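Keep in mind that what you see is a predicted model, and the values were worked out from it rather than measured. Computation of the quantities below employed the complete heavy-atom set of this structure, encompassing side-chain atoms and omitting hydrogens, waters and symmetry-equivalent molecules. All chains are named by letter (A, B, ...) in the order of the sequence lines, taking the proteins before the strands, and each is independently numbered beginning at 1.
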Protein chains: 2
Amino acid sequence: MHFHQLIKTLKERREALQVTQYDLAELAGVGLRTLKQVESGKGNPTVITLQKIADVLGMELCLKVKATKSDI
Amino acid sequence: MHFHQLIKTLKERREALQVTQYDLAELAGVGLRTLKQVESGKGNPTVITLQKIADVLGMELCLKVKATKSDI
DNA sequence: ACACAAGGTGCTTTTTAATGCACTTTATAC
DNA sequence: GTATAAAGTGCATTAAAAAGCACCTTGTGT
């Protein structure tokens, strides 16, 4: 999952849950400016920042072995 | 997947592939000091740093909906 | 005991993420 | 058109990640 896709997933999830950036930032304990920056694709957040956000959205970061061409 | 578990997974994967920290850092294009810090659990890497490392190890970051108690 | 390789750590500098504030943009509703 | 809400952006400050360097620790082999 590329960086841009991760961000898109978070943003779509927030919108699906109908939470505003303001509320999500409050709930996640990150600055509103930071969340805005992340969602607009301008940033390179730390893992902890990303996890705080994902957590509130009921999601989590994971690592998996990449699919190879032979898997397709 | 908690932060500590993410790191552990990366470290185990590196060891399974029998790659040294030095080589991994070179291949991933991150500083050796940074990789050491991450693997020893002292850091809070940026997503891009984590992805560079995971990529070389044939892994990728992903986001998934958290399991709930009712799933267990 | 010694040499070597790999991993971990303290110190430092440079870069950049995190943050707040104020402003703009955009869409929606009156 | 204008108020309101939500999202995006420029600027400045603070905190912390990224990085290199030198050194310590640990394990392995001779």
Side-chain angles (χ1 to χ4, degrees), chain A residues 1-70, chain B residues 1-70:
Chain A
M1 213 171 187
H2 291 94
F3 178 68
H4 180 268
Q5 185 57 48
L6 284 180
I7 299 305
K8 191 157 164 269
T9 300
L10 284 180
K11 182 170 172 135
E12 285 170 358
R13 174 84 174 170
R14 178 181 64 76
E15 287 167 348
L17 297 176
Q18 299 191 61
V19 181
T20 63
Q21 286 181 340
Y22 179 86
D23 288 340
L24 175 53
E26 290 285 313
L27 291 167
V30 303
L32 177 56
R33 190 69 178 76
T34 300
L35 181 60
K36 285 171 181 291
Q37 207 140 288
V38 170
E39 279 201 6
S40 63
K42 299 281 164 54
N44 174 21
T46 63
V47 173
I48 289 175
T49 294
L50 209 64
Q51 282 185 327
K52 283 183 191 169
I53 295 168
D55 194 56
V56 171
L57 297 173
M59 306 191 80
E60 60 179 354
L61 269 183
C62 62
L63 270 173
K64 61 181 175 189
V65 176
K66 270 188 289 189
T68 62
K69 287 176 187 171
S70 59
Chain B
M1 215 171 186
H2 290 94
F3 178 68
H4 180 267
Q5 185 56 47
L6 284 179
I7 299 305
K8 190 157 165 268
T9 300
L10 284 180
K11 182 168 173 138
E12 285 170 358
R13 174 82 173 173
R14 179 181 62 78
E15 287 166 349
L17 296 176
Q18 298 191 61
V19 181
T20 63
Q21 286 182 340
Y22 179 87
D23 287 340
L24 175 53
E26 289 286 311
L27 291 167
V30 304
L32 178 56
R33 189 68 177 78
T34 300
L35 180 61
K36 285 171 182 289
Q37 206 140 298
V38 169
E39 279 201 6
S40 63
K42 300 282 165 50
N44 174 21
T46 63
V47 173
I48 288 176
T49 293
L50 209 65
Q51 282 185 327
K52 283 183 190 169
I53 295 169
D55 194 55
V56 171
L57 297 174
M59 306 192 80
E60 61 179 352
L61 269 182
C62 63
L63 270 172
K64 61 180 177 189
V65 176
K66 269 188 290 191
T68 62
K69 287 177 187 171
S70 59

I need the minimum non-hydrogen distance between B/A25 and B/L32, along with the two atoms involved.
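Nearest heavy atoms, B/A25 then B/L32: CB-CA, 3.8 Å.
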Between which nucleotides of DNA chain D, read 5' to 3', does contact with chain B run, using atoms under 4.0 Å from its heavy atoms?
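Counting from the 5' end, contacts occupy D/dA17 to D/dC21.
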Run B/R14 and B/Q21 through side-chain contact (heavy atoms from CB on, under 4.5 Å) and show every step you take.
CA-CA 8 Å; B/R14 179 181 62 78; B/Q21 286 182 340; 3.6 Å; yes
Out of A/L57, A/V56, A/L24, A/D23, which residue meets the side-chain contact (heavy atoms from CB on, under 4.5 Å) rule with A/L17?
A/L57
What distance do [X] atom [atom1] and [Y] atom [atom2] have between them, rounded to the nearest 0.5 Å?
X	Y	atom1	atom2	answer
A/L61	A/M59	CG	CE	9.5 Å
A/M1	A/I7	CE	CD1	10.0 Å
A/L10	A/K8	CG	NZ	12.0 Å
A/L50	A/F3	CG	CZ	7.5 Å
B/E12	B/E15	CD	CD	7.0 Å

Where do B/R13 and A/L63 land on the side-chain contact (heavy atoms from CB on, under 4.5 Å) test, with the steps shown first?
CA-CA 11 Å; B/R13 174 82 173 173; A/L63 270 173; over 6 Å; no
Would you kindly give the [atom1]-to-[atom2] distance between [X] and [N], to the nearest whole Å?
X	N	atom1	atom2	answer
A/E39	C/dT19	CD	P	14 Å
B/Q37	C/dC11	CD	P	13 Å
B/I7	C/dG8	CD1	C1'	15 Å
A/K36	C/dG20	NZ	C1'	12 Å

Under 3.5 Å: donor-acceptor pair, side chain of A/E60, backbone of B/K66
no
Within residues 41-58 of chain B, which residues have any heavy atom lying less than 4.0 Å from an atom of DNA chain D?
B/N44, B/P45, B/T46, B/T49
Heavy atoms within less than 4.0 Å of DNA chain C: which residues of residues 21-34 of chain B have one? Give them sorted by number.
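Residues of residues 21-34 of chain B that come under 4.0 Å of DNA chain C are, in numerical order, B/Q21, B/R33.
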Is the shortest side-chain N/O distance from B/K11 to OP1 or OP2 of C/dG8 below 4.0 Å?
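Yes, because at least one side-chain N or O of B/K11 sits under 4.0 Å from OP1 or OP2 of C/dG8.
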Could you tell me whether the side chain of A/T34 reaches within less than 4.5 Å of the side chain of A/I53, counting heavy atoms only?
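No. Closest side-chain heavy atoms not under 4.5 Å.
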